[in-house]
Amino acid sequence: MKQFRAATTHSARPGDGAPAAALANRLLTWYDRHRRDLPWRAQPGESADPYRVWLSEIMLQQTTVATVEPYFRAFIARWPTVGDLARADLQSVLHAWQGLGYYARARNLHKCAGVIADSLGERFPDSEAGLLALPGIGAYTAAAIAAIAFGRPAAPVDGNVERVLARLFALTAERAAVKREVGVLAGRLTPSGRPGDFWQAVMDLGATVCRPRGPACLMCPWAGNCLALQRGLTEELPRRARRKAKPVRHGVAFWAVDATGAVLLRRRPEKGLLGGMTEVPGTEWREWPWTEEEALPLAPVPGQWLSLAGGVRHVFTHFELELTVLAATDLVPGLAEGMWCRPEDFDAHALPTVMRKVADHALRALAQPSAPPEAAIGPIRRRTSGPRPARRASSGR
DNA sequence: TATTCGTGGTC
DNA sequence: TGACCAAGAAT
C-alpha cells in the first residue's frame with residue numbers, strides 16, 4: 001500500500017520496509033536454510049509434481065501439516081497419479097479421507113480428478129484461471145498451485161500470509177479491509193523468480209516464527225522491516241473477529257445389533273454435513289434434547305431399546321453435538337435400511353470421527369454389565385462427574 | 001457478505 | 001478445560 005510504495009522508491013529506513021526484491025531475497029535465503037522436507041515438496045532445483053502439489057494443498061486447507069502427512073503418503077501410495085485417483089470409487093476416496101474432516105474436500109477432489117482425467121488429458125491447467133475453474137479449487141489454491149507447481153508469479157493468500165503481512169505492514173483495519181489490503185500487497189511482493197518458494201517461505205515463516213501467539217521475532221528475517229514489531233502490535237495483529245458461541249445440538253443414535261453381533265450402519269446423503277460418510281442410524285440433530293417417547297418411534301428396527309449411560313459429545317465447527325445412544329440386541333435384520341456390519345469390520349467403512357466415538361461408547365457400555373443402561377435421555381454430563389446412578393428404562397425423561 | 005462445512009493440538 | 005487455531009471453498 002502507501003507505505004510499501006514509498007519503501008520501494010526510497011532506500012530502506014529502519015522499520016519502514018524495504019524494496020520488494022530485498023525482502024524476497026532475505027526471506028528466500030532464510031527459507032533455503034530452514035526449509036522443511038515435506039513429502040509433497042520437490043527437492044531443491046527439481047520441479048514439483050502438480051498432482052502432489054494439488055493433493056497437498058487440498059488436504060492442507062484448514063488442516064495442519066502434521067495431520068496431513070500420513071494421509072498424503074497413503075493417498076500417493078494408493079493413487080500415484082491423478083488418473084489413478086479419477087478411476088477410484090468415491091467411497092474408497094472418502095474411506096481414505098476418514099478422520100481428516102471437511103469431507104466436501106474429498107468429494108471435490110474426486111470430482112476434480114475426474115475432470116482432469118476425462119477432459120484435460122490427465123494434465124493440470126498451468127494457469128491460475130484454469131485451475132480456479134476446477135471443483136474444490138478456490139482463489140488461494142489456484143494461486144498456490146500456479147506458483148508452486150508451475151512457477152507462475154501468483155500470490156496465494158492464506159491465513160499465514162494474512163497474518164505475516166498484517167504485521168509487517170501494521171494493518172490495523174477490520175478483517176475484511178485487511179484481506180483486501182493484503183491481497184494488493186501480496187501481488188506487489190511476489191517475486192518473478194521462485195514465486196512458489198517465496199510464498200511457501202512466507203507460510204513457513206507464519207507457521208514457525210510469525211505465529212498467531214508468541215511470535216519469535218528474534219528469529220525473523222523480516223524483523224527489521226516489521227511495523228507491528230516496531231509499534232508493539234505483534235500480539236494484537238491481525239485483528240480477529242469475535243467468535244459466536246457454539247449452539248448445542250442433541251440427537252439419539254440407535255445401536256442396533258442382530259443375533260450374529262452385526263451392527264446396523266447406513267450411508268449419509270451426498271451433500272451437507274458428513275456427506276457420503278457412513279453413520280450409526282439416528283434421529284435428526286436438533287437444539288433441544290430428545291425424550292425416549294419421541295425417539296423410540298424413529299428406531300430403524302423394532303426391539304427392546306435401552307439407553308446407555310453417559311453419551312457422546314463431539315465438537316463440530318459451528319455446533320456441539322450431544323448424542324444419547326439407545327441400544328438393542330438380538331434384533332431381526334428384517335427390513336432395516338442400511339448395512340449390517342460387525343464392529344471388527346467397521347474399518348471397511350468411511351466412518352467420521354463422531355461415529356467412531358459412538359461405536360467406542362456403545363461397545364464399551366455393552367461390555368460392562370456393571371454399568372447398566374439408564375433411562376434418561378438428556379444433556380450429557382461433563383467428564384468431571386462420575387458415572388450416573390443407573391435407572392430402569394422407560395421411565396421417560 | 002455470512003454461513004456451512006471436521007478434527008486434533010495447544011495453552 | 002474451554003477457546004482458539006490450522007496452507008479455504010462453496011453457497
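Each chain gets a letter, A, B and so on, in the order the sequences are listed, and its residues count up from 1. Everything numeric here is computed off the predicted structure, so don't read it as measured data.
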Say we look at B:dG8 and C:dA9: how far apart would their P atoms be, to the nearest angstrom? 22 Å

Look at the aromatic rings of A:W54 and A:Y51 and report parallel, tilted or perpendicular, splitting at 30° and 60°. tilted

Looking at C:dA6, I'd like to know if its phosphate oxygens (OP1 or OP2) sit under 4.0 Å from a side-chain N or O belonging to A:Y102. no

Using a 3.5 Å distance criterion without hydrogens, assess whether the side chain of A:T67 forms a donor-acceptor pair with backbone atoms of A:V65. no

Under 4.0 Å between a side-chain N or O of A:R240 and OP1 or OP2 of C:dA3? no

Please check the phosphate of B:dT7 (OP1 and OP2 only) for any side-chain N or O of A:T63 closer than 4.0 Å. no

Considering only side-chain heavy atoms of A:H318, which listed nucleotide, C:dC4, B:dT4, B:dT7, is closest? B:dT4

In terms of side-chain heavy atoms of A:L273, which of B:dT1, C:dA6, B:dG6 is nearest? B:dG6

Looking for any heavy atom pair under 4.0 Å, which part of the strands does A:R268 touch: base, sugar-phosphate only, or nothing? nothing

Start at the 5' end of DNA chain C and walk down; is the nucleotide closest to A:I137 or to A:R213 reached first? A:R213

Side chain of A:T141: nearest nucleotide among C:dA10, C:dG8, B:dG6? C:dG8

salt_bridge(A:D347, A:R356) N-O dist < 4.0 Å: yes

Ring centroid separation for A:F316 and A:H314, is it under 6.0 angstrom? yes

Could you check A:E57 against A:L132 and say which one's nearest nucleotide on DNA chain C is further toward the 5' end? A:E57

Whole-Å distance between B:dT7 C1' and A:L60 CG? 14 Å

Donor-acceptor side-chain pairing of A:Y140 and A:E57 below 3.5 angstrom: yes

Identify which nucleotide among B:dG6, B:dG8, C:dG8 has an atom closest to any side-chain atom of A:Q61, counting heavy atoms from C-beta outward. C:dG8

When you check the phosphate oxygens OP1 and OP2 of B:dT7, does a side-chain N or O of A:T317 lie under 4.0 Å from one of them? no

Distance between P atoms of B:dC5 and C:dA6 (Å, rounded): 22 Å

Using only side-chain N and O atoms of A:K244, determine if any of them is under 4.0 Å from OP1 or OP2 of B:dT3. yes

Side chain of A:Y140 only, heavy atoms from C-beta on: which candidate in C:dA6, B:dT1, C:dG8 is closest? C:dG8

Any A:H314 side-chain N or O less than 4.0 Å from OP1/OP2 of B:dG6: no

Tell me: CD of A:E270 to C1' of B:dT4, nearest whole Å? 18 Å

Do any side-chain nitrogens or oxygens of A:T67 fall under 4.0 Å of OP1 or OP2 in B:dG8? no

Select base, sugar-phosphate, or nothing to describe what A:G272 touches, counting heavy atoms under 4.0 Å on all strands. sugar-phosphate

Side chain of A:P352 (C-beta onward), nearest among B:dT1, B:dT7, C:dG8: B:dT7

